[in-house]
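For reference, the structure discussed in these notes is given below.
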Amino acid sequence: MRQPHKERELTAVSADGTRIHVEVHGEDGRPAVVLAHGWTCSIRFWAAQLADLAADHRVIVYDQRGHGRTAPPAAHSAGYSTDALADDLEAVLAATLEPGERAVLAGHSMGGMTLMAAARRPVFREHAAAVLLCSTGSSRLIPEALVVPMRPGRTRTWISRRILGSRAPLGPVTPLSKRILRYGTMGRGVAADRVAECARIVHACPRPVRVAWAHVLGALDLDAEVRELRVPTVVIAGSDDRLTPPVHGRALAAALPEGAGLTELTGVGHMTPVEAPEAVTGAIRSLVGTYLGEKEDVA
């Protein structure tokens with residue numbers, strides 16, 4: 001039986017003063033893993049990975065600005081941008097890793113975009129040994145989205161933009177809201193308890209934060225940054241992902257300077273770390289073993 005892992009909380013201060021809530025799970029001296037969650041999610045999204053990896057890794061997780069226990073930036077500020085996401089990641093890495101210490105970085109959806117946005121940053125390049133990009137893309141998110149079951153074109157793009165950027169409140173978690181969430185973000189065969197947990201996480205995101213980030217993602221263009229991601233990078237995509245369909249994963253794999261493989265998970269939607277936790281955790285462990293090597297256990 002696994003022993004409970006050590007956990008501590010800290011605050012990383014980003015370039016604009018935003019205070020980022022950070023948690024470190026696992027013992028010092030173990031191989032370091034940093035996890036960045038996606039749009040409308042929080043640290044809780046990585047529960048399966050934390051439960052597994054913290055037994056023999058030091059796992060660093062944080063709430064993106066405006067999500068979970070990290071406050072949103074000031075209203076009408078420039079705090080909603082991919083540059084701000086990269087600033088936040090740099091602050092987290094600087095606060096949790098020793099100078100020169102390397103880590104495996106994994107990002108889901110907007111978390112993957114965070115890693116891309118930081119690709120040129122000195123702190124990122126100092127600390128990133130390898131990267132895992134889950135269910136993410138670098139551009140054309142709205143035109144390629146499959147949430148609206150129509151042929152590609154201006155009409156589908158217009159409707160998709162209105163849906164994903166909607167200011168309507170999500171309201172309480174209900175059977176109907178769970179069905180809608182499952183349709184938009186998860187594969188058809190996903191277990192009901194995983195749908196319910198994702199619904200609780202997504203519905204907890206404040207509406208202004210959800211809308212502000214939707215506008216950022218709608219105009220996303222990180223294609224140039226992908227070409228600067230000069231560390232071994234694995235890509236995971238879900239075959240049934242309607243938000244970032246596999247076309248994005250294939251484009252990333254083709255553009256990465258040091259692509260280390262693309263895995264398409266059959267029957268899996270957008271929420272890969274929740275829907276296919278063993279596959280995502282296994283990919284992280286493989287990257288640690290290959291690019292960080294084994295460290296001695298801490299007594």
Side-chain angles (χ1 to χ4, degrees), residues 8-24 32-46 59-101 103 105-128 131 133 136-139 141 164-165 167 201-202 204-231:
R8 62 188 176 93
E9 299 180 359
L10 57 93
T11 300
V13 181
S14 193
D16 66 354
T18 299
R19 298 173 66 82
I20 310 298
H21 173 71
V22 184
E23 296 179 8
V24 181
V33 173
V34 181
L35 305 177
H37 70 75
W39 177 49
T40 72
C41 295
S42 67
I43 285 173
R44 289 174 56 194
F45 188 76
W46 296 108
V59 187
I60 298 156
V61 285
Y62 68 101
D63 285 323
Q64 300 269 27
R65 54 178 54 207
H67 297 75
R69 294 170 64 184
T70 296
H76 309 298
S77 74
Y80 292 102
S81 69
T82 54
D83 281 340
L85 293 176
D87 287 341
D88 297 349
L89 176 63
E90 281 201 305
V92 171
L93 297 178
T96 57
L97 300 176
E98 297 294 329
E101 183 182 3
L105 278 56
H108 169 259
S109 193
M110 192 173 81
M113 298 161 201
T114 301
L115 306 187
M116 298 177 220
R120 292 189 176 99
R121 301 292 188 92
V123 175
F124 177 89
R125 292 188 168 181
E126 176 187 356
H127 292 294
V131 162
L133 299 176
T136 190
S138 58
S139 64
L141 298 186
L164 297 176
R167 296 180 177 276
I201 293 169
V202 169
C205 181
R207 177 171 38 166
V209 171
R210 169 169 54 86
V211 172
W213 283 118
H215 290 309
V216 173
L217 300 181
L220 187 77
D221 186 354
L222 294 172
D223 291 347
E225 285 74 10
V226 173
R227 295 189 288 274
E228 296 296 324
L229 196 52
R230 301 185 181 278
V231 294

Nearest atoms (heavy-atom pairs only) where D88 meets S14: OD1-OG, 2.5 Å
From CA spacing to verdict: side-chain contact (heavy atoms from CB on, under 4.5 Å), Y62, L10: CA-CA 10 Å; Y62 68 101; L10 57 93; over 6 Å; no
Distance-only polar pair, side chains of D83 and S81, donor-acceptor under 3.5 Å: no
Whether E126 side chain and G100 backbone form a donor-acceptor pair below 3.5 Å: yes
Rounded distance [0.5 Å steps], CZ in R125 versus CG in L229: 9.0 Å
Which atom of L115 lies closest to which atom of A106, heavy atoms considered: CD1-C, 3.9 Å
Full working for side-chain contact (heavy atoms from CB on, under 4.5 Å) between F45 and H108: CA-CA 10 Å; F45 188 76; H108 169 259; 3.6 Å; yes
Residues S42 and D63: side-chain donor-acceptor under 3.5 angstrom: no
CG-CD distance between L35 and E23, expressed to the nearest 0.5 angstrom: 11.5 Å
Nearest-0.5 Å distance, CG of residue L89 to NE2 of residue H127: 10.0 Å
E98 atom CD, neighbour heavy-atom count above 12 within 6.0 Å: no
H67 and W213 aromatic ring geometry - parallel, tilted or perpendicular at 30°/60° bounds: tilted
Any P72 side-chain heavy atom under 4.5 Å of Y80 side chain: yes
I60 side, atom CD1; T96 side, atom OG1 - distance, nearest 0.5 Å: 3.5 Å
Verdict with reasoning, M113 to L222, per side-chain contact (heavy atoms from CB on, under 4.5 Å): CA-CA 8 Å; M113 298 161 201; L222 294 172; 3.9 Å; yes
Nearest-0.5 Å distance that lies between atom CD1 in I43 and atom NE2 in H37: 7.0 Å
For L97 against A32, the heavy-atom pair lying closest together: CD2-CB, 3.9 Å
Side chain R65, main chain T18, donor-acceptor under 3.5 Å: no
Smallest separation among heavy atoms of A94 and V123, with atom names: N-CG1, 4.4 Å
Any donor-acceptor N/O pair, T70 side chain to H21 backbone, under 3.5 Å: yes
Atom of G165, atom of A214 and distance for their closest heavy-atom approach: CA-CB, 3.8 Å
Polar contact flag, side-chain donor to acceptor under 3.5 angstrom, D223-S139: yes
Minimum heavy-atom distance between S109 and G38, given as atom pair plus value: CB-CA, 4.2 Å
Side-chain ion pair, E225 and R227, N-O less than 4.0 Å: no
Derivation of the side-chain contact (heavy atoms from CB on, under 4.5 Å) call for V216 and M110: CA-CA 10 Å; V216 173; M110 192 173 81; over 6 Å; no
Atom pair CZ/OG1 of R69 and T11 - distance to nearest 0.5 Å: 8.5 Å
